[in-house]
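Here the structure is a predicted model, which means the values were calculated and not measured.
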Amino acid sequence: MDNKALYKIGYGLYVITASLDGKDNGMICNTVCQVASDPLLISVSINKSNYSHDMIKATGKMNVHTISEVAPFELIKRFGFASGRDTDKFAHDMMVRTDNGLPLVTSYTNSVICLKVKDYIDLGSHGLFICEIEDAKVLSDKETMTYAYYQKNVKPKAQPKKKGYVCKICGYVYEGDELPEDFICPICKHPASDFEKIQ
């Protein structure tokens, strides 16, 4: 099976925010979808290894922010390549909150949708949250960043002169002749199977 066929599925890029016991967190997600119109429902699939998954499951609420094309890699890196278990992703922000009490990310996003979890489906590696919309706001008129746009225009490119392997997820380059089978990317925490040899 050619897993690259899955890369052809169109996705957006989103910042998901959650709070639990006075701690705020955010993560990058590309699996948000409107799944019904009556009632109006949104699905969000989140890897169970993400701290946000546990926060959302415990509280039953989250905010989904659509990322705009003007967003720099630093936004993706901040919310996508560190764990909220040991990193305060809002440490340097003037905290703004939506009516549901969750963090509002206004920089480089063009909308926010406040969700209340209605149902949860265990999908093995991921949990699927089926959510009702409590509120929604347009934040800017900038175009929404797709995953394909991120890959082509935002994600750092591997340095072609280096010898080694590049992470297909975040662009980190491992320099060396052989990539250890048990290697874990220090930036995005993906395994060796998500690396490809630099030609």
Side-chain angles (χ1 to χ4, degrees), residues 7 9-20 23-34 42-47 49-53 55-56 59 61-117 126 129 131 133-158 166-173 185-190 194:
Y7 298 163
I9 298 173
Y11 296 100
L13 272 184
Y14 311 91
V15 177
I16 308 291
T17 56
S19 296
L20 177 65
K23 186 170 183 180
D24 298 316
N25 194 37
M27 62 167 281
I28 298 294
C29 180
N30 69 342
T31 50
V32 175
C33 182
Q34 180 183 336
I42 302 284
S43 73
V44 182
S45 179
I46 299 178
N47 192 305
S49 66
N50 287 328
Y51 183 45
S52 294
H53 171 276
M55 296 175 94
I56 295 164
T59 63
K61 59 184 181 177
M62 73 179 97
N63 285 348
V64 172
H65 305 77
T66 50
I67 299 173
S68 65
E69 287 184 346
V70 298
F73 178 69
E74 285 305 311
L75 180 84
I76 309 298
K77 182 178 174 184
R78 172 181 169 192
F79 288 107
F81 298 141
S83 173
R85 287 184 177 91
D86 50 34
T87 304
D88 182 355
K89 298 183 184 183
F90 295 96
H92 305 293
D93 287 351
M94 288 282 292
M95 186 56 68
V96 178
R97 297 187 182 276
T98 52
D99 289 344
N100 63 6
L102 299 182
L104 174 64
V105 178
T106 55
S107 296
Y108 308 114
T109 63
N110 59 21
S111 75
V112 61
I113 305 167
C114 304
L115 301 177
K116 179 179 179 182
V117 177
H126 287 62
F129 297 91
C131 306
I133 298 175
E134 292 189 310
D135 196 11
K137 291 182 176 66
V138 173
L139 303 174
S140 86
D141 60 358
K142 304 292 184 201
E143 289 295 319
T144 298
M145 184 184 293
T146 64
Y147 190 67
Y149 183 93
Y150 162 73
Q151 290 288 333
K152 186 175 181 181
N153 301 294
V154 180
K155 178 178 153 181
K157 305 292 185 260
V166 63
C167 178
K168 296 182 285 188
I169 307 302
C170 70
Y172 172 81
V173 174
C185 179
I187 296 179
C188 69
K189 310 302 183 211
H190 279 251
D194 284 325

Rounded to the nearest 0.5 Å, what separation is found between the [atom1] atom of [X] and the [atom2] atom of [Y]?
X: I16; Y: M55; atom1: CD1; atom2: CE; value: 13.0 Å
X: Q34; Y: S43; atom1: CD; atom2: OG; value: 10.0 Å
X: T109; Y: Y14; atom1: OG1; atom2: OH; value: 13.0 Å
X: C170; Y: I28; atom1: SG; atom2: CD1; value: 13.0 Å
X: H126; Y: I46; atom1: NE2; atom2: CD1; value: 9.0 Å

Tell me which donor-acceptor pairs under 3.5 Å the side chains of residues 63-74 have, and how far apart each pair is, sequence neighbours excluded?
| residue | atom | partner | partner atom | Å |
| --- | --- | --- | --- | --- |
| N63 | OD1 | N100 | ND2 | 2.9 |
| N63 | ND2 | T98 | OG1 | 2.9 |
| N63 | ND2 | P103 | O | 3.3 |
| H65 | ND1 | V15 | O | 3.0 |
| H65 | NE2 | V105 | N | 3.1 |
| T66 | OG1 | N110 | OD1 | 2.2 |
| T66 | OG1 | S111 | N | 3.2 |
| T66 | OG1 | S111 | OG | 2.6 |
| S68 | OG | Y108 | O | 3.2 |

### Message
Minimum heavy-atom separation for S83 and K89, please, with both atom names.
### Response
C-CE, 4.1 Å

### Query
Between R85 and K23, which heavy-atom pair has the shortest distance, and what is it?
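Reported closest heavy-atom pair: O-NZ, 3.4 Å.
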
### Query
In chain order, what residues pass the side chain to side chain contact (heavy atoms under 4.5 Å, CB included) check against T106, with sequence neighbours excluded?
L104

### Message
Using side-chain heavy atoms (C-beta onward) and a distance below 4.5 Å, is F90 in contact with R78?
### Response
yes

### Query
Under a 4.5 Å cut-off applied to non-hydrogen side-chain atoms, are C185 and I169 in contact?
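SC-SC contact between C185 and I169 ruled out.
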
#### Entry: Sole residue of D24, T59, N25 in side-chain contact (heavy atoms from CB on, under 4.5 Å) with S19
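With S19 as partner, D24, T59, N25 yield a single side-chain contact (heavy atoms from CB on, under 4.5 Å), made by D24.
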
### Message
Ring centroids only, cut at 6.0 angstrom: are Y149 and Y11 within range, meaning strictly under it?
### Response
no

### Task
Kindly determine whether N47 and S49 satisfy side-chain hydrogen bond (donor to acceptor under 3.5 Å, both in side chains), including the steps that lead there.
CA-CA 5 Å; N47 192 305; S49 66; 2.8 Å; yes

